Number of protein chains: 2
Amino acid sequence: MIREEFRLKNQLCFRLYTASRLLTQVYHPLLSEHGLTYPQYLVLLVLWEKDAQPVNDIAKHLFLETNTVTPLLQRMEKEGVITRTKGEKDARQMIVSLTRKGRDLQKRLSEVPFAVGSAVLCDSITPESFPALFNMLDDIIAKLGNSKEQESRSQ
Amino acid sequence: MIREEFRLKNQLCFRLYTASRLLTQVYHPLLSEHGLTYPQYLVLLVLWEKDAQPVNDIAKHLFLETNTVTPLLQRMEKEGVITRTKGEKDARQMIVSLTRKGRDLQKRLSEVPFAVGSAVLCDSITPESFPALFNMLDDIIAKLGNSKEQESRSQ
DNA sequence: TGTATTTATATCGTTCACGATGCAAATATA
DNA sequence: TATATTTGCATCGTGAACGATATAAATACA
C-alpha cells in the first residue's frame, strides 16, 4: 500500500530535478565544443551582463555558495576565459573579469539559446506558455531563496 | 550590449536548475537525519512503489544512467536499506530489494512530503496551481526524455 | 588603539551526474 | 553450434554541489 504522497508521479522536486538535468544535457554538446560546462556557461551569462564582479556577486546571481563557485572559476581561469584579480578597495575580494577569449565566446555561442529553445518547444510548450512557467518557477525560487536569507540573517 | 537571449532572466534551464537545487536543499535536513541523500530518497520512492527491481528499471524511472545509480545503490546497500542480489533468470541483472530498515523508513519519513509541500506554498504556488506546473514540466521531460530514446535507438 | 566580530574567499571531504570504457552473460546470426 | 552482437552492470575520471572548516582582511566596539 503505497501512500499517494510518496508516488514519484506526485513529486514536484523530482520533476524539477529531471527537467533540469535533461535540459542541461541539451546544452552539453553545444558547450563542450567550446570547452565549457553548463555552470561555466552560467558564469559567462552573468559576466556578459556585467563584467568585473567579485566572486560573491556571481555566486548570489546564481544562488550558489562561494565554495562551489571558486573551484569553477579556477578552472575557467586555467582555460583562459576569465581572470581573477585581488580587489583594490577590498583586498579580500577576488574580482572576476572576462578575457578577450571570454568575451568572444558570446559570438561563438550565439546559436545556443535558439538551439536549446527549439529543443523544448512542442505542442504545449510554446513561447506563449513560457511566461506562466517562468512566473511559477520564479515564485518557487523567491520563496526558497528568501527563506534561506532569513535563516542566515537570524544567526 | 547584452543580447536579450543571453540574459539570465530569460533562461528556462537556469530557473529549472535553481528551483531544483533550492527545493532539494529543503529535503536535506529532513533526510540526512535518517542517513539519506535526496537521490537515495528517490530510489526509495521507486522501491516503495514496487520492490525488487533490477538496476536498469530503477535508472529508467529516475531518467538516470546505471553508472550513476550503481554507486548510489552500493552506498545504500552499505547503509543497510537495500540488498542487491544476482538475477535468477538473467545473471547479468542485479535485483535491488528493500530491507526491513528500508521499508520502515517510509513510516519514519511520513512527514517529509508535507514539510516540503508547505515549504513551497505561497500566494501563487497553491495546490490548485500544481497541475498546470506539473503538466508543463512533464511535457518538457517527455520531449527531452523521448528524444534521448530516439537517439539511442538509431545507433 | 586593541580586541572581537564579521566578511570574502578558499580548502577539504563526500556524493552525485555523466561521458567513456570494460566485462560477462544473454541473444542473434552465420 | 560457433561467432558476432547486444544487453546489464560496473569502473574510472572529471566537474559540479554543498556542508564543514580555515584564513586573512575589514569592520565594530570596548
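Everything quoted here is computed from the prediction, not taken from an experiment. Within every chain, numbering begins at 1; the chains are lettered A, B, ... in the order of the sequence lines, protein sequences first and strands thereafter.
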I'd like a table of atom pairs between the protein and nucleotides 20-24 of chain D - only N or O on both sides, under 3.5 Å - with the distance next to each one.
unit_1: D:dA20; atom_1: N6; unit_2: A:Asn67; atom_2: ND2; d: 2.9

Report task. For residues 66-83 of chain B, pull every pair meeting salt bridge (charged side-chain N to carboxylate O under 4.0 Å, His left out), keeping only residues two or more places apart or in separate chains. Result -> B:Glu77-B:Arg84
Query - Phosphate OP1/OP2 of C:dA17 contacted by A:Tyr17 side-chain N/O (<4.0 Å) - result: yes
Report summary line: Winner on side-chain proximity to A:Pro54, out of D:dA10, D:dA17, C:dT9, is C:dT9
Query - Length of the line joining B:Asp90:CG and D:dT6:C1', which is rounded to integer Å - result: 12 Å
Query raised in the report: Near DNA chain C, which residues from residues 70-87 of chain B have a heavy atom under 4.0 Å away?
Result: B:Leu72, B:Arg75
Requested in this report: Name all residues meeting the salt bridge (Lys or Arg N to Asp or Glu O under 4.0 Å) criterion together with B:Glu128; count only those two or more places apart in sequence or in a different chain, and write none if there are none.
Outcome: none
Query - B:Ile58 CD1 - C:dC16 C1' separation (whole Å) - result: 16 Å
Requested in this report: List in chain and number order the residues that pass side-chain hydrogen bond (donor to acceptor under 3.5 Å, both in side chains) with B:Gln74, two or more places apart in sequence or in another chain; answer none if no residue qualifies.
Outcome: none
**Report entry** Pairs flagged by ring-ring contact (aromatic ring centres under 6.0 Å, His included) wherever residues 78-104 of chain A is involved - sequence neighbours left out
**Finding:** none
Report task. Kindly assign one of parallel, tilted or perpendicular to the pair B:Trp48 and A:Phe6, based on the angle between their ring planes and the thresholds 30° and 60°. Result -> perpendicular
Query raised in the report: Taking OP1 and OP2 of D:dA17, is either one under 4.0 Å from a side-chain nitrogen or oxygen of B:Tyr38?
Result: no
Report task. Just compare C:dT9, D:dA16, C:dA26 and give me whichever is closest to any side-chain atom of A:Thr37. Result -> D:dA16
Report task. State whether B:Gln25 places a side-chain N or O below 4.0 Å from either non-bridging phosphate oxygen (OP1 or OP2) of D:dC18. Result -> yes
Requested in this report: Identify, with sequence neighbours excluded, every residue that meets side-chain hydrogen bond (donor to acceptor under 3.5 Å, both in side chains) alongside A:Glu33.
Outcome: none
**Report entry** Considering all heavy atoms, the nearest B:Arg103-B:Leu98 contact
**Finding:** NH1-O, 3.4 Å
Report task. Could you pull out all residues at least two apart from B:Asp104 that satisfy side-chain hydrogen bond (donor to acceptor under 3.5 Å, both in side chains)? Result -> B:Arg100
**Report entry** Partner residues of B:Asp90 under the side-chain hydrogen bond (donor to acceptor under 3.5 Å, both in side chains) criterion, sequence neighbours left out
**Finding:** B:Arg92
Query raised in the report: Which residues pass the ring-ring contact (aromatic ring centres under 6.0 Å, His included) test with B:Tyr17, sequence neighbours left out?
Result: A:Tyr38
Report task. Report the residue (B:Thr68 or B:Lys60) whose heavy-atom-nearest nucleotide on DNA chain D is the more 5′ of the two. Result -> B:Lys60
Report task. State which of C:dA8, D:dA17, D:dA10 makes the closest approach to the side chain of B:Arg21. Result -> D:dA17
Requested in this report: Please tell me which of the listed nucleotides, C:dT15, D:dC9, D:dA25, lies nearest to the side chain of B:Gln40?
Outcome: C:dT15
Requested in this report: Any chance you could encode DNA chain D as dot-bracket? Rule is Watson-Crick or G-U wobble with both distances under 3.5 Å; [ ] for pairs crossing earlier ones, | for another strand.
Outcome: ||||||||||||||||||||||||||||||
Report task. Specify the separation, in whole Å, of atom CG of A:Leu31 and atom P of C:dG19. Result -> 13 Å
Query raised in the report: Tell me the ring-ring contact (aromatic ring centres under 6.0 Å, His included) pairs involving residues 126-145 of chain A, sequence neighbours left out?
Result: A:Phe130-A:Phe134
